[in-house]
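Data block below; observations after.
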Amino acid sequence: MSTIAAISTPRAAGGISVIRISGEKSLDLADKIFSPLSSDVPPSEMKGYTCAYGKIGDGGSVLDDGVITVFRAPRSYTGEDVVEISCHGGIFVTEQVLRLILSKGAVPAEPGEFTKRAFLNGKMSLTQAEAVMDVISAGGKAELRCAASLREGALFRNIKNVSDSVLNLLASLAAWVDYPDDDIPAVTDEEILTILGSAVSRLDTLLAGYDSGRILRQGVDTAIVGKPNVGKSTLMNLLAGCQRSIVTDIAGTTRDIVEESVRLGDIVLRLSDTAGIRETGDVVENAGVELAKKKLETSDLILAVFDTGEELSKEDIEIAESCRGRNSVAILNKSDRPQKFDFSKIVDCFKKSIFCSAREGKVPEELTSALEELFQVENISPDVGILANERQRSCAENARAAFSEALSVFKGGATYDAVTILIDDGENYLLELTGERASEAVVNEVFSRFCVGK
């Protein structure tokens with residue numbers, strides 16, 4: 001396997017940059033470009049987990065000074081010999097150091113190749129590897145807690161427990177079917193029902209928490225909708241903490257979708273301020289209204305804003321009906337004015353409702369509480385493992401379907417052979433989830449989403 005190298009820090013000016021090298025020739029290569037000043041020991045003779053200060057260059061030509069850190073196989077991130085060079089954080093000097101390393105025999109690392117090698121060398125499971133990018137992209141404590149739990153193997157252990165019990169059942173069934181004349185204890189009906197029932201139940205629990213976990217990791221796609229001039233853009237600016245949308249007394253000011261990500265408690269809202277929904281003869285505004293309606297249909301969460309100082313209108317009722325059965329919160333705005341709005345006629349269209357006055361410049365605490373309750377944030381327990389992405393969810397869903405069908409046909413009187421085929425299908429999906437039996441195409445797809453240098 002080739003020796004790879006890449007810049008592991010962002011391509012931007014900073015205090016230091018780190019160039020990572022991994023592979024069989026990484027230590028010999030380091031000898032060619034690094035001269036220690038703090039000792040007479042070259043990198044190839046340094047012990048693992050040790051550092052040295054020195055000059056980076058080629059012969060008499062010095063590019064920079066920096067620190068080299070050596071990690072020896074198998075006790076490294078990738079499981080191979082790894083060298084990390086910390087140099088000054090200028091973009092040009094960093095690229096020059098990388099170019100020098102490549103000129104000595106290393107090849108540029110592909111996206112995620114360091115972590116891919118860690119997976120292939122048994123340093124982590126596929127679910128743990130996927131969690132690495134979640135740790136990097138975490139935007140708050142909740143996301144980091146979920147990602148760190150996955151990185152420590154919580155999901156892998158959970159799935160592994162299910163997988164091991166099913167494998168033991170498969171082994172017992174195979175032995176009993178293949179060697180009927182041997183003195184092998186028969187698998188009891190109760191044993192089959194118990195193991196499959198437990199597998200289905202545990203997978204049900206994981207699948208039930210997928211949407212809540214996804215929201216903590218990725219945020220909630222949120223549409224702010226309502227008639228013109230009800231305070232949508234004011235609410236958008238209030239939540240964003242700055243002026244992201246134009247606010248005027250003129251109806252139809254917002255004609256496109258304005259987007260921003262904000263955090264409320266443990267939840268990130270990916271906000272979209274939309275055009276006011278109404279009938280209009282203005283071609284441009286009408287295009288914005290159509291975009292608003294599409295956004296309303298596809299969002300994970302709807303914040304429907306109403307002006308409580310005005311009478312309930314036909315447009316209000318239509319917007320409310322569009323929210324029925326959806327994750328939706330009615331924002332009853334302008335509550336500081338005399339109330340004319342009859343909310344009782346549309347209250348059953350919404351999961352939650354909040355009174356506020358957006359122009360007073362304060363986000364209601366009730367909104368944060370309502371969203372955390374709506375998305376059941378308090379019920380998420382990362383320590384027992386959560387499904388982190390659609391690949392994992394699909395594997396778990398397919399495994400659950402196979403085990404459930406096996407239960408059904410077994411109760412219907414199917415033979416052990418027929419049941420074993422279904423159980424084996426479910427087990428294969430579990431092994432694909434953990435990466436123990438994932439195809440090369442699946443593995444390549446997972447790591448293609450990583451950044452270069454990780």
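Just so we're clear, the structure is a prediction, and the values are computed from it rather than from any experiment.
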**OP:** With salt bridge (Lys or Arg N to Asp or Glu O under 4.0 Å) as the test, would you mind laying out the steps for Glu397 and Arg400 before giving the verdict?
**Re:** CA-CA 5 Å; Glu397 180 66 48; Arg400 189 253 177 227; 5.5 Å; no
**OP:** Please check if atom CZ in Arg324 has more than 12 non-hydrogen atoms from other residues, nucleotides or ligands closer than 6.0 Å.
**Re:** yes
Original post:
Does Arg391 reach the side chain of Glu445, with side-chain heavy atoms less than 4.5 Å apart?
Top reply: no
**OP:** Examine distances only and state if a side-chain atom of Asp221 and a backbone atom of Asp300 form a donor-acceptor pair shorter than 3.5 Å.
**Re:** no
Original post:
Salt-bridged, Glu436 to Lys160, with N to O below 4.0 Å?
Top reply: yes
Original post:
Going by the angle between their ring planes, with limits at 30° and 60°, are Tyr49 and Phe71 parallel, tilted or perpendicular?
Top reply: perpendicular
Original post:
Which pair of non-hydrogen atoms, one from Ala370 and one from Ile354, has the smallest distance, and what is that distance?
Top reply: CB-CD1, 4.2 Å
Original post:
Are Arg449 and Pro111 close enough that some pair of their side-chain heavy atoms sits under 4.5 Å apart?
Top reply: no
Subject >> Straight-line distance of Ile317 CD1 to Leu312 CG, nearest 0.5 Å >> reply: 4.5 Å
Subject >> Whether Asp81 side chain and Ser26 backbone form a donor-acceptor pair below 3.5 Å >> reply: no
Original post:
Between the side chain of Asn158 and the main-chain N/O of Ala154, is any donor-acceptor distance below 3.5 Å?
Top reply: no
Subject >> Contact summary for Val166 and Ala199, nearest pair of heavy atoms >> reply: CG2-CB, 4.3 Å
Subject >> Over 12 foreign heavy atoms within 6.0 Å of CD, Gln339 >> reply: yes
Original post:
Where do Ser299 and Leu301 land on the side-chain contact (heavy atoms from CB on, under 4.5 Å) test, with the steps shown first?
Top reply: CA-CA 5 Å; Ser299 294; Leu301 171 68; 5.9 Å; no
Subject >> Separation between CD1 of Ile195 and OG of Ser172, rounded to the nearest 0.5 Å >> reply: 7.5 Å
Original post:
Quick one: does Glu113's side chain have a donor or acceptor within less than 3.5 Å of a partner on Ala109's backbone?
Top reply: no
Original post:
Does one side chain, of Ser201 or Asp204, offer a donor that lies under 3.5 Å from an acceptor on the other?
Top reply: no
Original post:
Got more than 12 heavy atoms from elsewhere within 6.0 Å of CZ, Phe341?
Top reply: yes
Original post:
Between Lys352 and Glu373, does at least one N-O distance fall below 4.0 Å, as a salt bridge requires?
Top reply: yes
Original post:
Between OG1 of Thr94 and CD1 of Ile85, what distance do you get to the nearest 0.5 Å?
Top reply: 11.0 Å
Original post:
For the residue pair Phe119 and Phe447, does the interplanar ring angle fall in the parallel (under 30°), tilted (30 to 60°) or perpendicular (over 60°) class?
Top reply: tilted
Original post:
With side chains defined as the heavy atoms from C-beta onward, is the minimum distance between Ile423 and Leu173 less than 4.5 Å?
Top reply: yes
Subject >> Side-chain heavy-atom pair Arg117, Ile4 within 4.5 angstrom cut-off >> reply: yes
Subject >> Distance under 6.0 Å and angle within 45° of ring axis: Arg20 vs Tyr77 >> reply: yes
Subject >> Atom pair OG1 (Thr205) and CD1 (Ile386), whose distance is rounded to the nearest 0.5 Å >> reply: 14.0 Å
Original post:
For the side chain of Ser369 and the backbone of Glu366, is there at least one donor-acceptor N/O pair under 3.5 Å apart?
Top reply: no
Original post:
Does any non-hydrogen side-chain atom of Leu264 lie less than 4.5 Å from one of Leu239?
Top reply: yes
Original post:
Counting N and O atoms only, with roles assigned by atom type, does the side chain of Thr308 sit under 3.5 Å from a partner on the main chain of Asn333, one being a donor and the other an acceptor?
Top reply: yes
Original post:
Do Val419 and Val409 pass the side-chain contact (heavy atoms from CB on, under 4.5 Å) test, and can you show the C-alpha distance, the side-chain angles, and the key distance before you say yes or no?
Top reply: CA-CA 7 Å; Val419 173; Val409 299; 4.2 Å; yes
Original post:
Hey, is Glu297 close enough to Arg326 for a salt bridge, meaning N to O under 4.0 Å?
Top reply: no
Original post:
Between the side chain of Ser408 and the main-chain N/O of Ser404, is any donor-acceptor distance below 3.5 Å?
Top reply: no
Subject >> Over 12 foreign heavy atoms within 6.0 Å of CZ, Arg75 >> reply: no
Original post:
When Ile224 is tested against each of Val305, Ile302, Val230, Leu269 for side-chain contact (heavy atoms from CB on, under 4.5 Å), which residue passes?
Top reply: Val305
**OP:** Determine whether the aromatic ring centres of Phe306 and Phe350 lie less than 6.0 Å apart.
**Re:** yes
Original post:
OG/Ser86 to CG/Asp64 distance, rounded to the nearest 0.5 angstrom?
Top reply: 10.5 Å
Subject >> pair Val132-Ile136: side-chain heavy atoms closer than 4.5 Å >> reply: yes
**OP:** Using modelled atom types only, decide if a donor and an acceptor are shared between the side chain of Gln128 and the backbone of Arg151 within a distance under 3.5 Å.
**Re:** yes
Original post:
When rounded to the nearest 0.5 angstrom, what distance separates CD1 in Ile319 from CD in Glu321?
Top reply: 11.5 Å
Original post:
So do the side chains of Leu155 and Leu206 get within less than 4.5 Å of each other, counting heavy atoms only?
Top reply: yes
Subject >> Where Val135 and Ala148 come nearest, the two heavy atoms and their spacing >> reply: CG2-N, 4.2 Å
**OP:** Determine the minimum heavy-atom distance between Lys345 and Asp342, stating which atoms define it.
**Re:** CE-OD2, 3.1 Å
Original post:
Are Phe114 and Val82 side-chain neighbours, meaning at least one heavy-atom pair lies under 4.5 Å?
Top reply: no
Subject >> Donor-acceptor contact present, side-chain Arg11 to main-chain Glu95, <3.5 Å >> reply: no
**OP:** Of all the heavy-atom pairs spanning Lys411 and Leu193, show the shortest one and how long it is.
**Re:** CE-CD2, 3.8 Å
Subject >> Shortest non-hydrogen contact between Leu196 and Ala406, atoms and distance >> reply: CD1-CB, 3.9 Å
**OP:** Answer yes or no: are there more than 12 heavy-atom neighbours, outside Glu191 itself, under 6.0 Å from its atom CD?
**Re:** yes
Subject >> Asn161 side chain vs Arg157 backbone, donor-acceptor pair below 3.5 Å >> reply: yes
